[in-house]
Undergrad: 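Just dropping this structure here.
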Amino acid sequence: MDLAKYRNLFLEEATEHLAEMARALLELEKEPARGESIDLVFRMAHSIKGMAATLGYDGIAELAHGLEDHMDGYRAAGRVAPEGLGLLFRGLEGVERMVEAVRETGEAPASAPAELLAELTAPGRAEGAGPPKKVLRRP
């Protein structure tokens with residue numbers, strides 16, 4: 001299997017998804033109850049998680065999963081808490097840095113930034129969120 005081909009596809013798609021997430025987060029700054037933007041951030045994080053997991057980029061998959069779960073709480077609440085936007089932007093930046101590492105080295109960092117992941121998955125961090133879901137781990 002030609003991993004370079006799949007890595008390039010991942011980089012292209014992840015870059016597009018991250019740009020869409022950034023636009024949606026900017027929209028949520030103006031309109032925290034914009035359901036389309038909440039759903040878009042959730043779906044883009046979900047897509048990045050799946051692509052990263054498929055290629056063995058566990059750290060990226062783990063952080064994207066944390067973002068996805070965090071957004072799930074906001075989806076349930078129907079709005080993003082204004083104080084939660086900073087964390088969402090930090091999560092986006094974390095995934096962007098990890099994707100950039102793949103672009104530069106061909107390899108993703110082995111794990112997500114622990115402090116950021118802990119913030120994203122802390123119980124009750126997202127308004128309306130229940131306990132955090134299990135974080136994706138590869139055997």
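This is a predicted model, so every value here is computed, not measured.
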Undergrad: Locate the shortest heavy-atom distance separating L116 from R90; write the atom from each residue and the value.
TA: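 Nearest pair, atom of L116 first, then R90: CD2-O, 3.6 Å.
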Undergrad: Show the nearest heavy-atom pair for residues M71 and I38, with the distance to one decimal.
TA: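 In this case the closest contact between M71 and I38 is CE-O, 3.6 Å.
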Undergrad: Give the minimum heavy-atom separation between D39 and R75, together with the two atoms involved.
TA: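 Answer, listing the atom of D39 first, then R75: OD1-NE, 3.0 Å.
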Undergrad: I60 and L3: same hydrophobic cluster, using ILVMFWY side-chain contacts below 4.5 Å?
TA: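 Linked, I60 and L3 end up in one cluster.
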Undergrad: Under the salt bridge (Lys or Arg N to Asp or Glu O under 4.0 Å) rule, what pairs show up with a residue in residues 91-115, not counting sequence neighbours?
TA: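 Qualifying pairs, neighbours excluded: E100-R103.
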Undergrad: Would you indicate whether the side-chain heavy atoms of L26 and F89 approach each other to under 4.5 Å?
TA: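 Counting from C-beta outward, F89 and L26 do come under 4.5 Å.
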Undergrad: Indicate the atoms forming the closest heavy-atom contact of P113 with M98, along with that distance.
TA: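 In terms of heavy atoms, the two residues are closest at CD-SD, 4.1 Å.
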Undergrad: Could you please spell out the steps behind the side-chain contact (heavy atoms from CB on, under 4.5 Å) verdict for L11 and V102?
TA: CA-CA 8 Å; L11 290 169; V102 172; 3.8 Å; yes
Undergrad: For R34 versus L28, what's the shortest heavy-atom pair and its separation?
TA: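 For R34 versus L28, the nearest heavy atoms are O-CD2, 3.7 Å.
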Undergrad: Could you see if Y6 belongs to whatever hydrophobic cluster contains F10? Use Ile, Leu, Val, Met, Phe, Trp, Tyr and a side-chain cutoff under 4.5 Å.
TA: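 Yes, same cluster.
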Undergrad: Once you round to the nearest 0.5 Å, how far does CE of M21 lie from CG of L25?
TA: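 Between atom CE of M21 and atom CG of L25 there are 6.0 Å.
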Undergrad: Less than 3.5 Å apart, any donor N or O on the side chain of H65 or E68 sitting next to an acceptor on the other?
TA: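 Yes, E68 and H65 have a side-chain donor paired with an acceptor closer than 3.5 Å.
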Undergrad: Measure the shortest side-chain to side-chain distance between M44 and L40 over non-hydrogen atoms and say whether it is less than 4.5 angstrom.
TA: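 M44 vs L40: side chains touch.
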Undergrad: So, taking the atom named CD in E12 and the one named CZ in R7, what distance separates them when rounded to the nearest 0.5 Å?
TA: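 The distance works out to 14.0 Å.
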Undergrad: Rounded to the nearest 0.5 Å, what separation is found between the CG atom of L87 and the CG atom of L92?
TA: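 Taking CG in L87 and CG in L92, the distance rounds to 11.5 Å.
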Undergrad: Within the structure provided, determine whether I48 and L63 are in side-chain contact (heavy-atom separation under 4.5 Å).
TA: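 A side-chain contact is absent here, since even the closest heavy-atom pair is not under 4.5 Å.
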Undergrad: Quick one: CD on E16 to OG on S47, what's the gap to the nearest 0.5 Å?
TA: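 Here the interatomic distance stands at 11.5 Å.
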Undergrad: Check H70 against L88 and note the closest heavy-atom contact, atom names and distance.
TA: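 Result for this residue pair: CD2-CD2, 3.5 Å.
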Undergrad: Do E36 and E27 come close enough that some side-chain heavy atom pair is under 4.5 Å?
TA: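 Not touching, per the 4.5 Å side-chain cut-off.
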